[in-house]
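Worksheet for the structure shown next.
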Amino acid sequence: MSTQAADRKRLAIRVLTPEGTVFSGQAAMIVAPSIAGEVGILPRHQPIVAFLRPGETRLKMLDDTEEVFATTDGYMAVEEDRVLILVEQAEKAGEIDAHRAQEALRRADEALAAAGDDEAAVVAATSARRRAENRLRVIERRR
Amino acid sequence: MASSRDIKRRIESVRGTRKITRAMELVASARLRRAQESIESLRPYASSMRRLMSQAARQSGNLSGLPLLEDREAVTRAAVITVTGDRGLAGAFNVNVLRAGFGVADELTEAGAEEVVYVAVGKKGAGTLRFRGKSVAKSFEGLSSSPTFADAAQVAEYVVNEFVEGRVDRVMVVYNAFKSIMEQKVTVEQLLPVDRSRVVEEGGEDQEPSRSLAIFEPAPEELLAKLLPTYIDTTIYRAMLESAAAEHAARRTAMRNATDNAGSLIDDLTLAMNRARQSAITQEILEVVAGADALS
């Protein structure tokens, strides 16, 4: 039993978006922004499924370094040391281009202004705006 | 008979056309590869989501009270989403989808639907539907060649709203599925109400089913209520990606045929030109000889 416990000191983590797999690998801990507040998951956590709100998802890697992702709305599922993060978009904090994020925010604002009473367009623009804001907030925090 | 100069001019023009069709074939090949990659990228997300959804469905036990699952007995108004390309020059690609769409609409009408409206994704479909006098409730254009998830979410948002607010009772989607580079298959799927068996059954073949009971935060019912729209987003996104890949494949084939045809046309014209030149020369020699004979 003790050897098995020793084996289980890591989490297999996958961060998936519809446009591709953003991260797949092992980590010692993951902290994700659930709608009820930040949730930290360590190995041997009991199975849990939670909603995520836009924010940053932090992975503590096995070598004690940290990886940060800006993530949007989505879901987290934990089961037997496998953590699945399903989000609409996820970007590594180090790879976010501040200039492009600003640009995206500006475009979203323009789209929102142009949308008028077209419901679908308003929803699309609002969510684009939220994503851009989230990206900017995450890099702001990294500075 | 056309003079050799006229034929030469035609050959030049066919050569020009062949250059264009060949370039379009290459562009389509490159885009096809990218579209295929997008389909592959979606797969892990889609199967994980199906799995999560079925887990939530099983743990919540009760599937009633979810508006997206509500199967209404009388379908009075239905919507057909046609996924076409924004551009033509792809053989029968767009026509096939629309023809299948008309078939679906007829079936719905026979089953008692009073009105069938179309939701056109892609400029070509929207144009043809309007031209035929069909009622197009909404059209989404300019996103066919490399659709993003946000594009699909926009379409999903619209149809989900229409359904939940009772303006339509059924939503079907018609698109070209990408089978292989040589084959596109027109596919009809019911989008709304969501088929219960699809919610409960495991979606991913590559993953073992989960046995353990998970804590849901919040409750599985609420999770399901949120996951179902995401499922619709993903389904539409997949249809759009498949359609994009199929469109590029169809265009590649069409352009390859056009290039081949231009090639054989050039061969025929070259032959005709040589004949014309030869007969012109023969004619001249005859005239010279006849002239010399007349003098002697």
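Quick caveat: nothing in here was measured; it's all calculated off a predicted structure. Just so it is clear: chains get the letters A, B, ... in the order the sequence lines come, proteins before strands, and each one is counted from 1.
- Proximity to chain A is absent for every atom of Leu241(B), based on heavy atoms less than 4.5 angstrom apart.
- For Phe149(B), the parts lying near chain A are the backbone and the side chain together; criterion is any non-hydrogen pair under 4.5 Å.
- In this structure, the portion of Val87(A) lying under 4.5 Å from any heavy atom of chain B is its backbone and not its side chain.
- The residue among Asp151(B), Leu227(B), Leu52(B) with the most heavy atom pairs within less than 4.5 Å of chain A is Leu227(B).
- Within the 4.5 angstrom heavy-atom criterion, atoms from both the backbone and the side chain of Leu42(B) approach chain A.
- Top candidate by heavy-atom pairs under 4.5 Å with chain A, chosen from Arg238(B), Met49(B), Lys226(B), is Lys226(B).
- A salt bridge is absent between Arg130(A) and Glu88(A): the closest approach of a Lys/Arg side-chain nitrogen to an acidic carboxylate oxygen does not fall below 4.0 angstrom.
- Within the 4.5 Å cutoff, the side chain of Thr234(B) has no heavy atoms near those of the Pro18(A) side chain.
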N/O donor to acceptor pairs below 3.5 angstrom from side-chain atoms of residues 26-33 of chain A, sequence neighbours left out:
unit_1, atom_1, unit_2, atom_2, d
Gln26(A), OE1, Arg10(A), NH1, 3.1

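- Within the 4.5 Å cutoff, the side chain of Lys138(B) has no heavy atoms near those of the Glu162(B) side chain.
- A search for ring-ring contact (aromatic ring centres under 6.0 Å, His included) contacts involving Tyr45(B) returns nothing, not counting sequence neighbours.
- Ion pairing of Glu38(A) with Arg58(A) is present here, as a side-chain N (NZ or NE/NH1/NH2) and a carboxylate O approach within less than 4.0 Å.
- In this structure, the portions of Glu19(A) lying under 4.5 Å from any heavy atom of chain B include both its backbone and its side chain.
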